[in-house]
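First the structure, in the form of structure tokens, and then the observations on it.
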Amino acid sequence: MTVVFRTRLSLALRLVDTTTGRAVEERGTSFFLDGNRLQPMYKGDGFFVFVNIGKEDFLMLIDSPGYEKTQLNVNCEELDPRLPMKDVFLMPSEKNRRGGQVLEISGTLSELKFIEAINLDRPIGLFHSITEKKNVSRMTLLPMRSGGGVRLESIRYALLSETGERYDCFEVKEQDAPLSIVLKEPFEAEHKLNDKIYRIIYGRAGPDGNFSLKVRDDSDSLPYLIHFKVGEDEYFKKADFHLDAGHMDLLKDAAKVVIPITEESNEDSE
């Protein structure tokens, strides 16, 4: 007699360190549903795959060593039925010292939707051009050093404007060559040759307006460009975490964006 076991992919999670934008490759991470520990399959690069959880909405608790415990609300209707995947942004705890101690800015701002940032001293690549062919939008890249490549292991990145006062976001569908990526959506903003590309770090904006943004204290210079949204308005603000760590008035000296950049996203939904 042949016994057939059927499994159904319910959810794929990619764990991301908010301070670096890199995958959290911590095999000791625990996942709990209704107090019961789940046993996902680890696929590498921070990806965990869950099968046969069901089709009902649920609340999952994620406990990863060195990071604050995180509750994830999963709305099944919002997931892609073909690939039900979500990024989960984990914020380092005070006990996490890997990669340098943590500096934090925090405060309260009513109607804050999200907060994120890029480290202006750490571009990972350069913009060359964009082409559109057969409904495929492709971005060609340039390396920071001659003969190098540009590895984009995340999904969402920032492309800094020529003035350095704001950035535009783009999402990577796939990297089909060392210096070429296929974009998830057409990229409409205009950029020039050698505009810099950055990895995005993510903060936490709670429903009560409290926010937190953490970075690693791993350099003598920590200049960041912070991007946040309040109500329907978006802003950019420069900050040096060595000088500005602690309580911050986000709106002070922030520049309001005339043309919206991106839809609500990131940590506010976690």
Side-chain angles (χ1 to χ4, degrees), residues 5-33 36-54 58 60-74 76 78-93 95-100 102 116 118-119 122 124-125 139 141 143-144 148-158 169-184 197-202 214-216 218 265-267 269-270:
F5 294 93
R6 297 185 182 277
T7 61
R8 178 183 176 86
L9 174 62
S10 298
L11 182 66
L13 299 181
R14 186 174 73 98
L15 306 186
V16 180
D17 186 315
T18 60
T19 64
T20 63
R22 297 180 183 276
V24 175
E25 302 191 47
E26 178 53 69
R27 298 290 296 275
T29 301
S30 299
F31 303 85
F32 298 91
L33 179 60
N36 299 313
R37 184 169 181 172
L38 302 176
Q39 299 293 334
M41 294 177 285
Y42 182 65
K43 296 297 185 179
D45 294 327
F47 281 98
F48 292 83
V49 173
F50 301 80
V51 298
N52 297 338
I53 293 180
F58 57 88
M60 180 185 291
L61 175 65
I62 303 173
D63 187 1
S64 187
Y67 294 87
E68 296 178 2
K69 291 182 180 179
T70 299
Q71 287 190 324
L72 174 67
N73 284 299
V74 178
C76 295
E78 295 178 352
L79 299 175
D80 185 334
R82 295 170 298 177
L83 182 58
M85 188 179 77
K86 287 180 70 71
D87 283 346
V88 181
F89 303 104
L90 301 183
M91 190 164 283
S93 67
K95 296 181 180 179
N96 189 326
R97 294 294 180 259
R98 288 172 293 180
V102 174
E116 62 183 30
I118 60 173
N119 185 327
R122 296 178 183 172
I124 58 174
M139 182 185 293
L141 314 171
M144 295 301 299
V150 182
R151 182 188 175 191
L152 302 184
E153 70 274 7
S154 299
I155 296 175
R156 189 167 171 270
Y157 290 88
C169 300
F170 64 91
E171 294 189 30
V172 179
K173 182 177 181 179
E174 64 174 320
Q175 183 161 4
D176 57 352
L179 294 174
S180 175
I181 58 172
V182 177
L183 299 176
K184 185 175 180 180
I197 297 170
Y198 293 83
R199 182 175 286 107
I200 298 173
I201 68 166
Y202 300 94
K214 295 182 179 181
V215 304
R216 302 286 183 175
D218 55 5
S265 58
N266 315 332
E267 193 65 15
S269 62
E270 303 302 336

Would you call V88 and I62 a side-chain contact if the rule is heavy atoms closer than 4.5 Å? yes
side-chain contact (heavy atoms from CB on, under 4.5 Å) for E25 and D45? Distances and angles first, verdict last. CA-CA 6 Å; E25 302 191 47; D45 294 327; 4.2 Å; yes
Mind checking whether M60 and L38 have side chains closer than 4.5 Å, heavy atoms only? yes
When rounded to the nearest 0.5 angstrom, what distance separates CG in D87 from CD1 in I155? 4.5 Å
Please assess V24 against Y67 for the test side-chain contact (heavy atoms from CB on, under 4.5 Å), listing each intermediate value before the final yes or no. CA-CA 10 Å; V24 175; Y67 294 87; 3.8 Å; yes
Of K69, Q39, R37, the one forming a side-chain hydrogen bond (donor to acceptor under 3.5 Å, both in side chains) with S30 is R37
Roughly how far, to the nearest 0.5 Å, is CG of L15 from CZ of F47? 9.5 Å
All salt bridge (charged side-chain N to carboxylate O under 4.0 Å, His left out) counterparts of R22, not counting sequence neighbours: E153
Could you go step by step and tell me if V215 and V102 meet the side-chain contact (heavy atoms from CB on, under 4.5 Å) rule? CA-CA 6 Å; V215 304; V102 174; over 6 Å; no
Only pairs under 3.5 Å count here: list side-chain donor-acceptor contacts from residues 169-178, not counting sequence neighbours, and write none if there are none.
from, atom 1, to, atom 2, distance (Å)
Q175, OE1, L152, N, 3.0
Q175, NE2, V150, O, 2.6
Q175, NE2, A177, O, 3.2
Q175, NE2, P178, O, 3.1
D176, OD1, S180, OG, 3.0
D176, OD2, R138, NE, 2.9
D176, OD2, R138, NH2, 2.8

Which atom pair, heavy atoms only, marks the closest approach of R122 to D218? NH2-OD1, 2.8 Å
What one should report as the nearest heavy-atom pair of T18 and M91 is OG1-CA, 3.6 Å
Indicate yes or no: at least one non-hydrogen side-chain atom of M139 is less than 4.5 angstrom from one of V182. no
Side-chain contact, heavy-atom cut-off 4.5 Å: M41 with F50? no
Atom CG in L141, atom CD1 in I124: separation rounded to 0.5 Å? 9.0 Å
Would you call D17-R216 a salt bridge at under 4.0 Å N-O? yes
Working to the nearest 0.5 angstrom, can you tell me the gap between T19 OG1 and N119 CG? 11.0 Å
Check whether any side-chain heavy atom of L13 lies under 4.5 Å from a side-chain heavy atom of F31, and answer yes or no. yes
Backbone N or O of P92 within a donor-acceptor pair of the K214 side chain at under 3.5 Å? yes
What one should report as the nearest heavy-atom pair of S64 and T29 is OG-OG1, 2.9 Å
Spatial distance of atom CZ (R156) from atom CD (E116) [nearest 0.5 Å]: 4.0 Å
Under 6.0 Å between ring centres, would you say that holds for Y198 and Y157? no
Dump the intermediate steps for side-chain contact (heavy atoms from CB on, under 4.5 Å) on I118 and I201, then the final yes or no. CA-CA 6 Å; I118 60 173; I201 68 166; over 6 Å; no
Minimum heavy-atom distance F89-T70, with the two atoms named: O-OG1, 4.4 Å
